[in-house]
Amino acid sequence: MSGTGWELVDLLARWVHVIASIMWVGNSLLFNWLDRNLEPPKDAAPGSLGEIWLLHSGAFYYVDKTLLGGRPLPKPLHWFVVQAMTTWWSGVVLLIAVYWAGGRAAMTDPGVALLSHNQAVMVGIGAIIGGRVLYEAMQRLVAPRAPRIATAVWVAGLTAIAVALTQLLSGRAAFLHVGAMLGTLMALNVASTIVPSQKQLVASIAEGRAPDPAVSARAKRVSIHNNYFVFPVIVLMISSHFPTVYGNRLSWALLLILIAAGVAVRHVLNIRYTLRAWPALLAATMVLGLISLYSVIRLGSTSAAVAAASSPDPVSFADVRSVIDRRCTACHSALPSDRSFGAAPGGVPFDTPEQIESRAARIHDRAVVSRTMPPANKTGITESERELLRRWATQR
Ligand code: HEC
């Protein structure tokens, strides 16, 4: 398929992906909120577990949470599965269009590891499948008897996979594939555990017997995990906008901080119903997350900063222009010779001196500090050329 074809696949899949994920996450956050705000039943029929009144779009809604208390199953009965599945398959299409086949972003980075594109794709797919197999094995085989051991093993295993990806793939692809691994866990938790347990509940109520407690316990466990995965997955999905983070030398630590911060913020929001001081705790958690990110970013860029302190002679613009022409304008031009990303990727052409001058700071960020340009060093920029760009950008 042509570059334009892949771009349109990317556009459509991304559009669907964002809408479906808003619906999925929105639903689950709403039900989470409902559960925590239920009032003891007053108006409800016998068998109620709690009730709540809501106001939305010009009318009042009354919700009664119940196991039906012997009444027949209501019809129609609505459940929410399509959103999760649509989010998942549109995500797979996006992975194919952007990373695996469409070539819209680099899987590899020779500065990280010398893998071929196909090897990197295998690593990415292997991580997603391996993460799922490990997690599911722990849920089914170990968690019913030893839940703490199961949690410790899958948390350690997924952490190891995440760190390994940052040592094998380009920073951007590593962050995205960790997000895809966690997102796949969430979607398959819905498909293979939560929905079957709901089906079992419906069947047991129809037959007038009690549901199997082991099945509902497993569903409860994985829905709590899903609740904590949401914020980390979202930040990893938008991480491709932040080359200073994914391109840092210590990207593995930044990745873990982002995940930990997402889990911690989710936790504060979960306990806010029982904790008066939650706004202060939320603010403290966010500030701590930001300080940790900032400190590790600084730590990971010390070598660049130390080099910057010893700037010798000024650099001429002509030298800079020739580096940019050789290493960047293949893509960054209104008429690119490398057409894989379309014209002027990121909205950035380097055809005129003004276009180059005005983007000195970003050129420095991408080609010197985070070293995420050229992608996978496709045009073979050398260390001394990066050094030249650094001196030019910092002498200004
Ligand atoms: C093989 C094609 C290719 C080459 C060569 C290339 N880039 Fe890029 N560049 C991209 C793509 C694709 C994007 C958009 C995706 C992204 O931001 O990672 C981009 C985005 C950018 C951006 C804008 C996004 C931002 O973070 O502000 C800058 C600046 C940039 N590149 C600088 C450079 C510099 C400097 C060079 C040469 C040293 C270079 N690029 C070489 C493909 C390329």
Side-chain angles (χ1 to χ4, degrees), residues 2-11 14 94-95 97-112 117 120 169-177 179 236-248 251 254 297 301 304 315 317-396:
S2 71
T4 311
W6 281 120
E7 181 157 347
L8 291 181
V9 174
D10 182 349
L11 187 152
R14 204 173 286 263
L94 265 179
L95 271 175
V98 176
Y99 288 95
W100 297 346
R104 297 180 52 70
M107 281 297 287
T108 56
D109 179 346
V112 175
H117 173 78
L169 307 183
S170 79
R172 181 175 158 175
F175 277 48
L176 209 281
H177 280 75
L236 295 178
M237 291 302 165
I238 59 173
S239 64
S240 63
H241 296 286
F242 308 105
T244 307
V245 178
Y246 68 69
N248 192 279
S251 62
L254 296 168
I297 289 173
S301 358
V315 180
F317 183 73
D319 291 343
V320 170
R321 177 115 204 222
S322 96
V323 171
I324 301 269
D325 281 346
R326 253 175 300 152
R327 310 301 184 192
C328 316
T329 34
C331 299
H332 288 285
S333 164
L335 295 168
S337 56
D338 179 337
R339 305 192 55 85
S340 44
F341 300 105
V348 174
F350 293 137
D351 293 321
T352 67
E354 297 72 41
Q355 288 167 342
I356 299 172
E357 291 277 3
S358 66
R359 294 208 169 75
R362 271 328 267 174
I363 292 174
H364 182 249
D365 285 348
R366 300 295 304 256
V368 181
V369 179
S370 69
R371 303 164 69 93
T372 46
M373 284 294 140
N377 199 2
K378 210 172 170 186
T379 49
I381 190 172
T382 65
E383 284 309 310
S384 55
E385 286 167 339
R386 287 199 205 268
E387 171 61 13
L388 188 107
L389 292 179
R390 182 190 69 69
R391 280 166 47 205
W392 165 70
T394 47
Q395 82 191 4
R396 299 152 57 82

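Keep in mind that what you see is a predicted model, and the values were worked out from it rather than measured. We count ligands from 1, going down the list as the structure has it; atoms in each ligand are counted the same way. These numbers come from the heavy atoms of this one structure, side chains and all, not from hydrogens, waters or symmetry mates.
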Heavy-atom pair with the smallest gap, counting every atom of [X] and [Y]:
X      : Y      : answer
Trp392 : Val315 : N-CG2, 3.8 Å
Val245 : Leu254 : O-CD1, 3.4 Å
Cys331 : Pro345 : O-CD, 3.1 Å
Tyr99  : Arg172 : OH-NE, 3.1 Å
Ser370 : Pro243 : CB-O, 3.3 Å
Arg359 : Gly347 : NH2-O, 3.8 Å

Which atoms of ligand 1 sit under 4.0 Å from any heavy atom of [X]?
X      : result
Gly346 : 14 (C)
Arg327 : 5 (C), 37 (C), 41 (C)
Asp338 : 1 (C)
Lys378 : 1 (C)

>> Is the shortest side-chain heavy-atom distance between Ser170 and Thr108 below 4.5 Å?
In response: no
Identify the protein heavy atom lying closest to [atom], giving its residue, its atom name and the separation to 0.1 Å.
atom                    : result
atom 7 (N) of ligand 1  : His332 NE2, 2.8 Å
atom 34 (C) of ligand 1 : Cys328 SG, 3.5 Å
atom 11 (C) of ligand 1 : Pro345 CB, 3.2 Å
atom 4 (C) of ligand 1  : Cys331 SG, 3.3 Å
atom 23 (C) of ligand 1 : Val348 CG2, 3.4 Å
atom 19 (C) of ligand 1 : Met373 CE, 3.2 Å
atom 18 (O) of ligand 1 : Arg366 NH2, 2.8 Å

> Under 4.0 Å from ligand 1, counting heavy atoms only, is it the side chain of Arg172, its backbone, both or neither?
Replying inline: side chain
>> Using a 4.0 Å heavy-atom cut-off, which part of Ala330 comes near ligand 1: side chain, backbone, both, or neither?
In response: neither
> With a 4.0 Å cut-off, would you call Arg371 and Glu383 a salt bridge?
Replying inline: yes
> Just checking, any donor-acceptor pair under 3.5 angstrom between side chains of Arg386 and Thr382?
Replying inline: no
> Looking at ligand 1, does any of its N/O atoms fall within less than 3.5 Å of an N/O of Arg362?
Replying inline: yes
